[in-house]
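Quick notes on the structure that follows.
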Amino acid sequence: MLGPFGPGRTVMSEEHAAATHPWVRIRAAAGHVGEVVEIRGWVTHRRSSGKVQFLVIRDGSGSIQCVAGVKDLSPEQWEATAQLTTESAVIVRGLVKADTRQVGGVELGLQSVEVVSVAHDYPITPKEHGVDFLMDHRHLWLRSARQQSVLRIRAEIIAAFRDFMNREDFLLVDAPVFTPSACEGTTNLFETQYFEDKAYLTQSGQLYMEAAAMAFGRVYCFGPAFRAEKSKTRRHLIEFWMMEPEWAFGTLQDVIALEERLLCYTVGRVLEARAEDLKVCERDTSKLEKVVGPFPRIHYDDAVRMLHEAGLPFEYGNDFGAPDETELSNRYETPIFVTNYPAAVKAFYMEPDPANPKLSLSCDCLAPEGYGEIIGGGQRMSSLDLLTARIDEHGLPQEAFEWYKDLRRYGSVPHAGFGIGVERTLAWIAGLDHVRESIAFPRMLYRLAP
RNA sequence: UCCUCGGUAGCUCAAUGGUAGAGCAUUCGGCUGUUAACCGAAGGGUUGUAGGUUCGAAUCCUACCCGAGGAGCCA
């Protein structure tokens, strides 16, 4: 497996492939010990002891310390190097030397330094910064090592999601972002102009996935979702990314089984492929190594009993609040499934539980270590009559759902699906204390820029 | 929307009614192996905004603005 971050000898352009000084990514420099290579990147630190200068350069794949004695460079280049500031852009050439003192195990003995551009007063310093300052400078904050590690883990999680679903024979069918009305009718939607009509930004692709599942059998979508809710916590974004599988003839038990395999695969893959990035995030990976199935399945009734035993003032029939979820998930070291929620606290399309019609064939997955809900899903309603009644009960307009009801008129089958949130899953796996770090440019309550 | 906390140099913070401070960053000088290098020097302020109390306000009071954490809702 040789990607741009692989251990091999990666040359960055055709132009340089046959050159005597090939342009290499820093991550691959260890494969070029004893050779003269070119590195293109940005200066993160410069230190000097008068007759010797040290440059630490990053290029997005890693960082490397470069060293030059006064005789190694021309007087002009020596002087230009002395003028380099944090985040100045450079193209350097030098001899790759093994050096156990360095983080990557190698150091570059400089032979030439070409200044591409000099940065002035880069605002982010190696010292501490406050959240407000960093969020205002998110476009620059992305250059720091920790943020890069977080976003690399994000990319790995997304790749794992897609690879897993494709391997399970699910077809990618993306859902629209503009929708004519509420998918679920409850939460607030962002309204926008669609020529003469009003349109709304999607809050879920699920209803469209139900249609696609009746066409292809097994489908999933992957895209952004928008919730115009004034939620202001470490677990909420206004714009977030979700993967939503949906499949025909699926049951609640199938949902739980697939979620379990998806999470085990994803955590295992991140542990293996992104070990260094997890270390940069200071993640306690021993906790992730315990994420192997089977995860506990807890019926709503039993969950309520557990809360009462713990002395929490929980009223049967309600949805769980944050303290309730924490109490339940803290009892285990793996994610847990809470099933069969009351129909009243779930969306109108949830299939009723045949064993107790007040409950539903629903399932939420709660991540451990207090990270809370990362997946919501369940079996969908297959009866046209019941669906029609539920739409009325929720005060939703029947005409907006006629196309959705067609799915029950023409070959209705039991079917099921779930939605998994990328940012919450990443926050848990990377051990973040806030989802704002889990996406390159977060959209949050009262924060739309940069 | 509600509750709690906060806003002082570019950044992180100190100064609890009596002369506005430190570290880092920046600029200049020194140093041939540094690792957030180190040593010396310099510049840098309408204390979020408006009003009030007081001989005197960063500090006390009122309103507003901005931010953070949490609740509800959710992935």
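Note on naming: letters A, B, ... go to the chains in the order of the sequence lines (proteins, then strands), and numbering restarts at 1 for each one.
The residue among Q102(A) and T85(A) whose nearest nucleotide of RNA chain B lies closer to the 5′ end is T85(A). Heavy-atom distances to RNA chain B give each of H129(A) and D132(A) a nearest nucleotide, and the one nearer the 5′ end belongs to H129(A).
Contact annotation: the side chain of R447(A) approaches that of D136(A) to within less than 4.5 Å [non-hydrogen atoms, C-beta and beyond]. By the 4.5 Å heavy-atom criterion applied to side chains, P342(A) and Y300(A) are counted as neighbours. Here the side chains of I429(A) and V270(A) are in contact, with some heavy-atom distance below 4.5 Å. In this structure, Q203(A) and F226(A) have side chains that are not in contact, with every pair of non-hydrogen atoms separated by 4.5 Å or more.
Between K230(A) and G72(B) there is no side-chain polar atom (N or O) within less than 4.0 angstrom of OP1 or OP2. Neither OP1 nor OP2 of A36(B) sits under 4.0 Å from any side-chain N or O of R47(A). Side-chain nitrogen and oxygen atoms of H137(A) include none within less than 4.0 Å of the OP1 or OP2 phosphate oxygen of C11(B). Side-chain N/O atoms of R235(A) include none lying less than 4.0 angstrom from OP1 or OP2 on G72(B).
Taking the six-membered ring where the residue is Trp, W241(A) and F222(A) present tilted rings, their angle falling between 30° and 60°.
With hydrogens and angles ignored, the 3.5 Å screen pairs no side-chain donor or acceptor of H32(A) with any backbone N or O of V96(A).
Helical stems in RNA chain B, defined as runs of 3 or more consecutive Watson-Crick or G-U wobble pairs with both donor-acceptor distances under 3.5 Å, are listed by first residue as B:1-7 with B:65-71, B:10-13 with B:21-24, B:26-30 with B:38-42, B:48-52 with B:60-64.
Contact annotation: side chain of Q65(A) to base of U34(B), donor-acceptor pair present below 3.5 Å.
G21(B) and A42(B) have their P atoms separated by 14 Å, with the value rounded to a whole Å. Comparing U53(B) with U62(B), their P atoms are spaced 15 Å from each other, to the whole Å. The same atom, C1', is picked in C60(B) and in U54(B); the two are 10 Å apart, to the nearest Å. Nucleotides G18(B) and G56(B) place their C1' atoms 7 Å apart, quoted to the nearest Å. One P atom belongs to G23(B), the other to G43(B), and the distance between them is 14 Å to the nearest Å. The separation of G45(B) from A63(B), taken at their P atoms, amounts to 32 Å, rounded to a whole angstrom. Distance noted for atom P between C11(B) and A25(B): 15 Å (whole Å). Comparing the same atom, P, in U27(B) and in C65(B) gives a spacing of 40 Å after rounding to whole Å.
A cation-pi arrangement is found for R167(A) relative to Y265(A), the charged atom lying closer than 6.0 Å to the ring centre and inside a 45° cone about the ring normal.
In this structure, the aromatic ring of F240(A) is positioned over the six-membered ring of the base of A75(B), centres within 5.5 Å and planes within 30°.
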